[in-house]
Asker: 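Below: one structure in structure tokens.
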Amino acid sequence: MNVSKKEYEVMVKKASPNSRLAANCARAFVVGGAICAFGQMLYAIFGALGASRDMQGMLVAVTLIFLAALVTGLGKYDDLVKFAGAGASVPITGFANAVAAPAIEFKKEGYIMGVGAKMFLIAGPVIVYGTLASMVVGLIYYFVR
């Protein structure tokens, strides 16, 4: 079957679902904002309990990471991401999901070759390149300053 480039584009356009951009953006905004507002609420609660500013930030991060990993383990985080898209993928909770999901998926292969080896399958490059980029920017800042 020979199909020209134009015919192929028409076929792809017919088969592809239409994106509801405004609705997707609204859901991402609301869910991402709710996650951030929940984090801010935790920050205020930890502050009211007497934690220092540095400790508040650390406790909020740890709490959000724990809750995201828990919800991932319960199999519900994927549902949230399907609904909210980037609103659930971008905050720290999305990063926790990116670490926990492969670890859970490959648990059957064992703790070393499964969980340990596959845990950073998705998040590993983010960690490596993020760390490397921050070092490069830090060195540039050090020498330019």
Side-chain angles (χ1 to χ4, degrees), residues 5-142 144-145:
K5 191 173 184 178
K6 285 229 183 246
E7 292 172 327
Y8 181 74
E9 287 177 14
V10 170
M11 290 169 56
V12 167
K13 200 166 204 152
K14 280 184 184 177
S16 299
N18 292 332
S19 176
R20 299 182 317 168
L21 185 62
N24 291 344
C25 288
R27 284 195 304 267
F29 179 79
V30 169
V31 172
I35 291 170
C36 293
F38 179 67
Q40 191 63 41
M41 183 184 74
L42 288 173
Y43 188 84
I45 289 170
F46 291 134
L49 293 174
S52 68
R53 290 178 62 98
D54 289 339
M55 184 63 75
Q56 284 173 275
M58 190 257 326
L59 288 171
V60 168
V62 168
T63 303
L64 289 175
I65 289 169
F66 169 77
L67 291 174
L70 178 67
V71 173
T72 298
L74 295 172
K76 298 297 180 190
Y77 203 86
D78 286 341
D79 296 337
L80 181 63
V81 170
K82 285 178 189 169
F83 175 76
S89 299
V90 174
I92 194 169
T93 54
F95 185 75
N97 177 35
V99 173
I104 292 167
E105 182 179 343
F106 291 101
K107 184 180 176 190
K108 61 184 173 281
E109 294 181 20
Y111 287 108
I112 303 298
M113 297 307 290
V115 175
K118 306 290 185 179
M119 185 181 327
F120 295 106
L121 191 68
I122 297 170
V126 174
I127 295 170
V128 170
Y129 293 116
T131 303
L132 189 63
S134 67
M135 290 172 53
V136 168
V137 169
L139 286 171
I140 290 171
Y141 177 75
Y142 177 78
V144 170
R145 187 175 57 115

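The residues of the chain are indexed from 1 along the displayed sequence. In what follows, every heavy atom counts, from backbone to side chain, and hydrogens, waters and symmetry copies are set aside.
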Asker: List the atom pairs, with distances to 0.1 Å, where a side-chain N or O of residues 50-71 and a protein N or O form a donor-acceptor pair under 3.5 Å, not counting sequence neighbours.
Answerer:
from	atom 1	to	atom 2	distance (Å)
Ser52	OG	Met55	N	3.2
Gln56	NE2	Tyr43	O	2.6
Thr63	OG1	Leu59	O	2.7

Asker: For residues 27-36, dump all side-chain donor-acceptor pairs below 3.5 Å to protein atoms at least two apart in sequence or in another chain.
Answerer:
from	atom 1	to	atom 2	distance (Å)
Arg27	NE	Phe83	O	2.8
Arg27	NH2	Asn24	OD1	2.6

Asker: Using the side-chain contact (heavy atoms from CB on, under 4.5 Å) criterion, which residues pair with Tyr142? Sequence neighbours excluded.
Answerer: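 Once residues adjacent in sequence are excluded, the partners of Tyr142 under the side-chain contact (heavy atoms from CB on, under 4.5 Å) criterion are Arg145.
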
Asker: Measure the spacing between CD1 of Ile140 and CE of Met135 and express it to the nearest 0.5 Å.
Answerer: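 Reported to 0.5 Å precision, the distance equals 12.0 Å.
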
